[in-house]
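Just below is one structure, and these are the notes that go with it.
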Amino acid sequence: MSTASLKDLRRIESLRKQLHDHDYRYYVMAEPSISDEEYDSLIRELQVLEDRYPDTRTPDSPTQRVGGQPTKTFPTVTHDPPMLSLSNSYSEKDILDFDRRVQSLLGEETPLYAAELKLDGVAVALQYRDGKLFRGATRGDGTSGDDITSNLKTIRSLPLVLHAPPSHLRTIEVRGEVLMLRKDFAALNEQRAAAGEKIFINPRNATAGTLKLQDPRIVAQRRMMLYVYALHAPGATLSSHSENLRLMQSIGLPVSEHVRRCPSIEDAIEFWKHWEQRRDSLPYEIDGVVVKVDAIAHQQRLGAIAKSPRWAIAFKFASRKAETILTEIDLQVGRTGTVTPVAHLQPVFVGGTTVSRATLHNIDYITELDLRVGDSVVVEKGGDVIPKVTAIVREKRPVSARPFRMPARCPVCGSPIGRPAGESNYYCENTECPAQVQGRIEHFAHRGAMDIEGLGTANVEQLVGLGLLKNVADLYSLTHQRARLVGLERWGEKSTQNLLDAIERSKTQPLHRFLFALGIRHVGAGVARILASRFPSMAALQNATSEELQQVGTIGPRIAESIQLFFRERHNRDIVRRLADAGVGLSAGPAPGTLSGKTFVLTGTLAHHTREEATRLIEAKGGTVASNVSKATAYVIVGENAGSKLEKARRMGIPTLTENEFLTMIR
Ligand code: IVH
């Protein structure tokens, strides 16, 4: 084994310091200082040096975030002090009672409170020794948990080395919550569904499942994040919880910015109301707020009962879960032929609305839950507002409850349905199935696609039902059916003319929208844009070989194969030809305007425009809108609650615009 020269040792030290600094800026401060490419090149350089001199490798090196070996079991660790839980409250009365109890126990002294978010993730304890991460563990039963250090190290916002800690904060234990962002959760589930794997019920389950994985390399592929909310520092005199949060932040630990010091309990109630209204605007899930007595001296006087402290309380939001009965399972057929089971429920009030249907995803999900018609079930409404059946109440199962079996035939058209190997979904094999036809036409006309106003579900259903529309190409011959349309129920001169005008206008939609509108599997709006930037026309795309397709940006074999499969079908080729004959997609796109050639990315919520409106404004001026920030991005338009795209733009030095700046620009 060779020994590193002093110069190499210095370089290794310097690289580690730089990388820790960048991690901190990027993941904790959200103020990135270098590009991904520069970061990767530093990591690679360090990796090469460590490979050359293996004895210089330390467990806290930035190269070791993914370095752990798979394990069979996790060692057990004991928590000292134990990790307590919180007592729950659900109403203002409960919280006023809590305040009264605290006041009476403290006697003369008046408590000051700190209110923060109750993060809906997985609690962990992290030990730092001499400023370096020593161990990370799950809460377990509160007394002992699993040592999951290798898995926790993959979380990039978790510092492996503290940021210049003063001597009394070098050896500490911090506790906090590991979370998965809602969008990362959705992406993970999408991936798992596509691979025919079991999907996770919510981000918390996904996080818990991930932290339990035995192979840190898989853990590293899932994105998780961390916020810490408790500090134990044996060598320090701590004055208050809010000061602890500040201290933790000052040594590089990620602390949530949503904390409020509350002089009175009413302020805490106000904080709770505020977040109950806005919980869905956060990129992760919360299930309430936590109110803590701020002064450590007060906390010590109040102490704990059983498993929870008397100085803190969880103030939960009204549950978005409810129990009801599954009365029926029926099947919905989507535009790609996917046959999705849908639960019919006895109507129940959950999270502000009455729910009578919920998605059941696929047959594996039903089998996994062992769901039977007649069962009592738990319905949950997550941040995405689509209700889900998440559990059954086994004890309440009636003897008459019957298991669900996938039929052999499509419930809409009666054709055989099949399940491709390795997939969780069943598909109706008849592309002429009315449900698929309906879905394809709706998708084609959708605002994000050809944007044909007046073709919502009801109208499409009517026109398909009457045989006026059999496919999307039929839209462009509707002008010949004018007289018939005018005479139809709910239609008249004016609405017919409006529809025909909208159809006519759609002919000038740019190629990428046309391409997306065709509904080719795996060709979403983003992929369509990439393809359209490389192929000048539909014909060029149709004639491209798989190799040519895969030379374009992020197009891989899966997308390439799907495109080829689409054009190989005679029926699809006929439709595309008929559309071209009608003049669809022949225009070069909108007239070049002030934004010609510029790519924009939108992030956060704009005050005056929806995303679709802003997209149309940009496209009308010759610009394009992309969903991800890249080197090709000219500007990022930033609305409220902007997230990772803003971070990335800053890191890459891409200019950002407020909504008003953008409006000034296009005026
Ligand atoms: S403090 C002794 N603060 O809630 C105080 N807990 O039921 C212990 N949690 O296991 C916890 N957000 O997983 C605290 N801001 C927050 C929290 C929080 C979420 C979780 C944590 C804990 C559970 C307590």
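Just so you know, ligand 1 is whichever comes first in the structure, and atom 1 is the first atom listed for that ligand.
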Name the one of His241, Arg175, Glu177 that satisfies side-chain hydrogen bond (donor to acceptor under 3.5 Å, both in side chains) with Tyr229?
Glu177
shortest atom 8 (C) of ligand 1-to-protein heavy-atom contact is with Leu84 O, 3.8 Å
I need the atoms of ligand 1 closer than 4.0 Å to a non-hydrogen atom of Leu117, numbered in the order shown.
12 (N), 15 (N), 16 (C)
Atoms of ligand 1 close to Arg139 [distance to a heavy atom under 4.0 angstrom, numbered from 1]:
10 (O)
Heavy atoms, side chains only, cut-off 4.5 Å: are Lys118 and Ile286 in contact?
no
Can you tell me the protein heavy atom closest to atom 17 (C) of ligand 1 and the distance?
Tyr229 CE2, 3.5 Å
With no hydrogens and no angle check, just 3.5 Å: does a side-chain donor-acceptor pair link Thr149 and Asp147?
yes
Donor-acceptor pair, distance only, cut-off 3.5 Å: does the side chain of Tyr113 make one with the backbone of Asp267?
no
One thing to verify: whether Arg204 and Asp287 come together as a salt bridge, which I'm taking to mean a side-chain N less than 4.0 angstrom from a carboxylate O.
no
Answer yes or no for Pro309: is there a heavy-atom contact with ligand 1 below 4.0 Å?
yes
Below 4.0 Å from any atom of ligand 1, is there a heavy atom belonging to Lys292?
yes
Tell me whether the NZ or CZ atom of Arg260 lies within the 45° cone about the ring axis of Phe271 and under 6.0 Å from its centre.
no
Yes or no on ring-ring contact (aromatic ring centres under 6.0 Å, His included) for Tyr284 and Tyr227, after CA distance, side-chain angles and deciding distance?
CA-CA 11 Å; Tyr284 46 81; Tyr227 280 127; 5.8 Å; yes
For atom 4 (O) of ligand 1, closest protein heavy-atom neighbour
Lys118 NZ, 3.2 Å
Suppose I only count heavy atoms of Glu116 and a 4.0 Å limit; which atoms of ligand 1 are within that range?
3 (N), 15 (N), 16 (C)
Determine, for Asp184 against Arg222, whether the closest basic-nitrogen to carboxylate-oxygen distance falls under 4.0 angstrom.
no
Residue, atom and distance of the protein heavy atom nearest atom 12 (N) of ligand 1 read Leu119 N, 3.0 Å
Nearest to atom 20 (C) of ligand 1, what protein heavy atom do you find, and at what distance?
Glu177 OE1, 3.6 Å
May I ask you to identify the nearest protein heavy atom to atom 7 (O) of ligand 1, giving residue, atom name and distance to one decimal place in Å?
Leu86 N, 3.0 Å
